[in-house]
Number of protein chains: 2
Amino acid sequence: MTSSSQAPADIPQDSPFQDAASEAASATPAATPAFSPLYRQIKNLLLARLHSGEWKPGESIPSEIDLAAQFRVSQGTVRKAIDELAAENLLMRRQGKGTFVTTHTERQVQYRFLKLLPDHDSPNDEGRAQRQILEFRRMRATPQQAQALQLPPDAPLIHIRRVLSFQGVPTILEDIWLPAHVLKGINEDIVTGYQGPTYALLEEEFGVHMVRAEEKLKAVLPDAEAMRILDIPAHTALLHVQRLAFTYHDTPMELRSGLYRTDTHHYHNELG
Amino acid sequence: MTSSSQAPADIPQDSPFQDAASEAASATPAATPAFSPLYRQIKNLLLARLHSGEWKPGESIPSEIDLAAQFRVSQGTVRKAIDELAAENLLMRRQGKGTFVTTHTERQVQYRFLKLLPDHDSPNDEGRAQRQILEFRRMRATPQQAQALQLPPDAPLIHIRRVLSFQGVPTILEDIWLPAHVLKGINEDIVTGYQGPTYALLEEEFGVHMVRAEEKLKAVLPDAEAMRILDIPAHTALLHVQRLAFTYHDTPMELRSGLYRTDTHHYHNELG
DNA sequence: GAGTGGTCTAGACCACGCG
DNA sequence: GCGTGGTCTAGACCACTCA
């Protein structure tokens, strides 16, 4: 192997590594020098294959040695690429078993994005929330919604309104908006009948995998409907949580607006 | 030290990389000793030196090659230890320059733990918050406080009450409790006179470095005093943020209780 | 040009899960 | 016992910073 380039020498010329490596190595005219190490290019290839659905949530991907052979790089380089994807919660490593595509279906990580916890551990845990769908309808995006979801104006949306109850107490009133075009065949029965987290449903039925989210929190007072649905008096302050959730490649895929009761629960956050 | 042994000279005898002979010689405890890789032991040694104050915030630590020589391990092993510390925001790497101890003093990361952002980017940013100390006093920990801070009952605390204003508008009313025994020589003038984040003060004056924190959020209504200080009507819901901040080794060092106005600001959070 | 972190390799071996 | 991820080494070279 030549010492002039770290790129694998015996890769055919149409290999993406050839291009990427020589691009980085050759004196780029101007604009973006933006050196991209080999492991990051591998990472992007893995990302593309994840996004393409070649490996589905819950499945295992090829072993590090296999991938290293496929890409003609060393195991260490593949390893570093996987490390980053694991750090972003896209992959999960299990020693002795393999590397798996993250899923919202597994018990372990089912409620990754739900930060509301009971103030005191309830002895009778009941597992988790009970869901009740209040509304399911098709609508057109408002300008704000279209902008947030990066959709054209008036794009068709699915709107779901629901209540989550813990131990029989209605605690979260939530509106969810999703782009209709990615949820082919969705209907109220599917949503109502599904047991388990919304993101698990999206994953299983529509191949939409939520990867990360941003939330904006405010303290608010309930309107008449929220008072009624959550069964609370007017002077109960609520936590308003607006969420924008993303799938691969930072594509926004869900808008969510929730009202959380915080008299018996709290929103938990870790600061690093 | 010969090169035949994997065990570095400075590492305690419990290194799992000791050869079979010494492993057999040392009495292995009954309970599973929970295998700890070499790089994690290195990490703990670095952590100890950080905690000891040998390397102060803002300073650089020895180069990877130096450390590798000191610990008699390869650069890659030191590197992995530093990687983890950098991921935990204890160290910061700067290519070409060195590895530095994280500090709350630097502009870049000054407000790491403040998640309250203006709803709209204000054209006149003003930099950051104005602080006003309302109260500084010594007190004894309540049972709850003592428990949270892992202190003996009635342990002496410093209590600071203050208001943070953004662009002249009082926005955060905050109570801070700190163990008095680690803040030798603290007085009201030091606190009042200091410009900059509280954690920068603690770092510079008392060598206390906050590393991470946990927050519990609730929506509440203001009491009379909060209404007066924040200049808001009774029907303004506020975000109540209770924080427990930790220094090295997960030692709790600060208890904080804040009321945030969220009519013009919001609490921003990223979910991974 | 010297020094630092960052990348990559090839090979060896260890810990773990499972049939 | 085999295959998987996980650790560790030694050495080479690249990218960046600064004197």
Side-chain angles (χ1 to χ4, degrees), chain A residues 1-11 17 20-28 32-43 46 59-69 71-87 91-101, chain B residues 1-8 11 15-20 23 32-43 59-69 71-87 91-101:
Chain A
M1 178 173 298
T2 71
S3 59
S4 62
S5 168
Q6 301 263 0
D10 43 356
I11 288 212
F17 300 106
S22 56
E23 182 184 341
S26 67
T28 3
T32 327
F35 165 73
S36 174
L38 189 47
Y39 74 83
R40 185 142 297 160
Q41 301 171 45
I42 304 284
K43 177 186 171 185
L46 294 174
E59 293 179 3
S60 71
I61 70 171
S63 76
E64 294 177 354
I65 293 175
D66 275 5
L67 290 170
F71 294 140
R72 312 260 193 175
V73 299
S74 76
Q75 185 199 358
T77 300
V78 168
R79 190 168 178 73
K80 184 142 189 181
I82 293 178
D83 276 344
E84 288 204 354
L85 292 169
L91 295 176
M92 280 195 49
R93 329 187 74 140
R94 289 188 222 159
Q95 183 170 160
K97 297 187 70 174
T99 301
F100 299 78
V101 182
Chain B
M1 168 69 64
T2 69
S3 60
S4 63
S5 168
Q6 302 255 6
I11 299 244
S15 166
F17 293 94
Q18 296 281 347
D19 57 0
E23 186 178 339
T32 39
F35 166 71
S36 171
L38 188 49
Y39 73 83
R40 186 140 297 160
Q41 301 172 42
I42 303 285
K43 178 187 171 186
E59 293 179 3
S60 71
I61 70 171
S63 75
E64 294 178 354
I65 293 176
D66 275 4
L67 290 169
F71 294 140
R72 313 259 193 180
V73 299
S74 75
Q75 185 199 359
T77 299
V78 168
R79 191 168 178 73
K80 184 141 189 181
I82 292 177
D83 275 345
E84 288 204 355
L85 293 169
L91 295 176
M92 280 193 49
R93 330 186 72 138
R94 290 187 220 157
Q95 182 171 161
K97 298 186 69 174
T99 300
F100 299 78
V101 182

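Chain identifiers are assigned alphabetically (A, B, ...) following the order of the sequence lines, protein sequences preceding nucleic acid strands; residue numbering begins at 1 within each chain. Computed from a predicted structure; not experimentally measured.
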For this session: May I ask you to evaluate whether Arg93(A) reaches the phosphate of dT4(D), defined as a side-chain N or O under 4.0 Å from OP1 or OP2?
Result: no
Exercise. Are OP1 or OP2 of dT7(D) and a side-chain N or O of Lys80(B) less than 4.0 angstrom apart?
Worked result: yes
Exercise. Rounded to whole angstroms, how far apart are CZ on Phe71(A) and C1' on dC8(C)?
Worked result: 16 Å
Exercise. Out of dC8(D), dG5(C), dA15(D), which nucleotide sits closest to the side chain of Pro37(B)?
Worked result: dC8(D)
For this session: With the side chain of Ser74(A) defined as its heavy atoms from C-beta on, choose the nearest nucleotide among dA15(C), dC8(C), dC8(D).
Result: dC8(C)
For this session: Return the minimal non-hydrogen interatomic distance between Tyr39(A) and Ala81(A), and the atom names on each side.
Result: O-CB, 3.3 Å
Exercise. So which one's nearest nucleotide on DNA chain D is more toward 5', Gly76(B) or Gly98(A)?
Worked result: Gly98(A)
Problem set entry | Spacing of CD belonging to Glu84(A) relative to CG belonging to Leu46(A), to within rounding of 0.5 Å | 11.0 Å
For this session: Please work out if Arg94(A) contacts a base, only the sugar-phosphate, or nothing of the nucleic acid, heavy-atom cut-off 4.0 Å.
Result: sugar-phosphate
Problem set entry | Interatomic distance where CD1 belongs to Ile82(B) and P belongs to dT7(C) [whole Å] | 14 Å
For this session: Write down the distance between CZ (Phe100(B)) and C1' (dG3(C)), rounded to a whole number of angstrom.
Result: 12 Å
For this session: Measure from CZ on Phe35(B) to C1' on dG17(C) and round the result to the nearest Å.
Result: 16 Å
Exercise. Just how far, in rounded Å, is C1' of dC8(C) from CZ of Arg79(B)?
Worked result: 12 Å
For this session: Would you kindly give the CD1-to-P distance between Ile65(A) and dG3(D), to the nearest whole Å?
Result: 10 Å
For this session: Classify the nucleic acid contact of Thr99(A) as base, sugar-phosphate or nothing, counting any heavy atom under 4.0 Å across all strands shown.
Result: sugar-phosphate
For this session: Determine, stepwise, if the pair Ile82(A) / Ile61(A) fulfils side chain to side chain contact (heavy atoms under 4.5 Å, CB included).
Result: CA-CA 10 Å; Ile82(A) 293 178; Ile61(A) 70 171; 4.2 Å; yes
Exercise. In whole Å, what is the span from the CG atom of Leu67(A) to the P atom of dG6(D)?
Worked result: 13 Å
Problem set entry | Residue whose closest nucleotide on DNA chain C lies nearer the 5' end, Gln75(A) versus Gly96(A) | Gln75(A)
Exercise. How close or far is atom C1' of dT4(D) from atom CD1 of Ile61(A), stated in whole angstroms?
Worked result: 12 Å
Problem set entry | Trace of the side chain to side chain contact (heavy atoms under 4.5 Å, CB included) decision for Leu85(B) with Thr99(B) | CA-CA 11 Å; Leu85(B) 293 169; Thr99(B) 300; over 6 Å; no
Exercise. According to a strict under-4.0 Å criterion, is Lys97(B) in side-chain N/O contact with OP1 or OP2 of dC16(D)?
Worked result: no
Exercise. Side chain of Glu64(B): nearest nucleotide among dG6(C), dA15(C), dC8(D)?
Worked result: dG6(C)
For this session: Between dG5(D), dC8(C), dG5(C), spot the one nearest the side chain of Gln95(A), thanks.
Result: dG5(D)
For this session: Consider the side chain of Ser63(A), meaning its heavy atoms from C-beta on, and name the nucleotide among dT7(C), dT4(D), dC8(D) that approaches it most closely.
Result: dT4(D)
For this session: Could you grab the distance from atom CD of Gln75(A) to atom CG of Asp66(A), nearest 0.5 Å is fine?
Result: 11.0 Å
